[in-house]
Amino acid sequence: MNPTTQWDDEDKRADRAADTFRQLFGASPDGVWAAPGRVNLIGEHTDYNDGFALPIALPQTTLLAARSRTDGLLRLHSAQGDGRITELAVAELAPGVVTGWAGYPAGVVWALTEAGHPVGGADLHFDSTVPTGAGLSSSAALECAVAVAYDELYALKLTGPELARTAQRAENGFVGVPCGIMDQMASVCCTAGAALHLDARTPAHHQQVPFDLQGQGLRLLVMDTGVTHDLADGAYAALRAGCERAAALLGLAALRDLSASELPGALLRLPGELVPLVRHVVTENARVAEAVSRLREGNAAALGPILDEGHASLRDDYRVSCAETDLAAAVAQVAGALGARMTGGGFGGSVIALVRAGEESAVGAAVTAAFEAAGYRAPRILTVTPAAGARRLAAVGAR
Ligand code: GLA
């Protein structure tokens, strides 16, 4: 999708969302907001270790048509849902009360009230193009759309990192997924044409790093393996707990505080099962620094080998890849990609491949053929560009 098509398309989608909102709720929305999904270029499973990551926002977004209410009711509807409107009382929101997709938006309203912000109810209609279950942060897009909309509807004037933190709090405390802050920071704070250099210890200090795919004759493929991951299933929490135990054993606040030169000595002091986890986190933080340097030099093609090394580390040390993501990455590498790796939390999800312009079809076809030969479901392949973070699209209609 080229950027122009994306914006035209988004305007039409915003109009449609506003129309549907009027039909559902009998009044015009106060506005329509958009929040994107993300892919992470490098820096996986580092955020909850206070480390570094380098995500981009996707052109795929969750749109939210929203209107505040004065009676404390929260009414939720999704174009991708079962057609029903979920009705909740803001004052009664509590962890465990709301299940399914509605937990993400309700969780953000809960997190805002928990933080003492004077927010009330709203009518919310969502319409998303972010693929679900693909490791592309469709849940962060849902949360962040609510966070930016509520920020305006209730004049909260929170910063981007504060909104991202609120969305993360919703996921941790309300939905019950112990995720880090990368997905929400990407969805709120990314800018078009750049990757976000995130320091998860101090998210307010993030930096935009120009990532000019078009100008450097490059394309970025996202290949959704169709294998759905579920971060709530305990594996993610166990990995996170392992990292925290390792940091405690080493007397560190977080694994981010271990440098590459200190790594060999530190590994000797850890029980065997924690060694590969720590090795991944420390080398992955170094890969982020390396990737940022290459991008700042204007050499995005040099990300290739860094992506390949990142995949090997997730496969062999962190062990969060699976047969499908390993196959997609390996075939893309052999078929001419400059580099490829799984992205996101793992246990399925998507693989990214950096390719030279003109080679995207050949690489995509090779992966598709390999999946067919292996008896796997056909991957869904997108070509993406670094897009903008969450924003208001339009002041649609009037009360
Ligand atoms: C998921 C989490 C993030 C991050 C990644 C792995 O996407 O939501 O916080 O930990 O996994 O890098």
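Heads up: numbering here begins at 1 and tracks the sequence. Both ligands and their constituent atoms are indexed starting at 1 by order of listing.
Ligand 1 places these atoms under 4.0 Å from at least one heavy atom of Tyr48: 10 (O). Set against the non-hydrogen atoms of Cys179, the atoms of ligand 1 under 4.0 Å away are 2 (C), 8 (O), 9 (O). Near Arg38, with a cut-off below 4.0 Å to any heavy atom, the atoms of ligand 1 are 7 (O). Every atom of ligand 1 with a heavy atom of Asp47 under 4.0 Å away is listed here by number and element: 3 (C), 4 (C), 9 (O), 10 (O). Ligand 1 places these atoms under 4.0 Å from at least one heavy atom of Gly180: 9 (O).
The distance criterion of under 3.5 Å between nitrogen or oxygen atoms is not met by Thr46 with respect to ligand 1. Taking distance alone, with nitrogen or oxygen atoms compared against 3.5 Å, Tyr236 approaches ligand 1 more closely than that limit.
Between Leu136, Asn172, Val177, Asp183, it is Asp183 that holds the heavy atom closest to atom 8 (O) of ligand 1. Distances from atom 5 (C) of ligand 1 to the heavy atoms of Met182, Gln184, Met185 put Met182 nearest.
Residues Phe174 and Leu112 are members of one and the same hydrophobic cluster, defined by side-chain heavy-atom contacts under 4.5 angstrom among Ile, Leu, Val, Met, Phe, Trp and Tyr.
For the 3.5 Å distance criterion, the side chains of Thr46 and Glu284 fail to qualify, holding no donor opposite an acceptor. There is no side-chain donor-acceptor pair under 3.5 Å between Thr383 and Arg219. Side-chain N/O atoms of Thr283 and Arg287 include a donor and acceptor closer than 3.5 Å.
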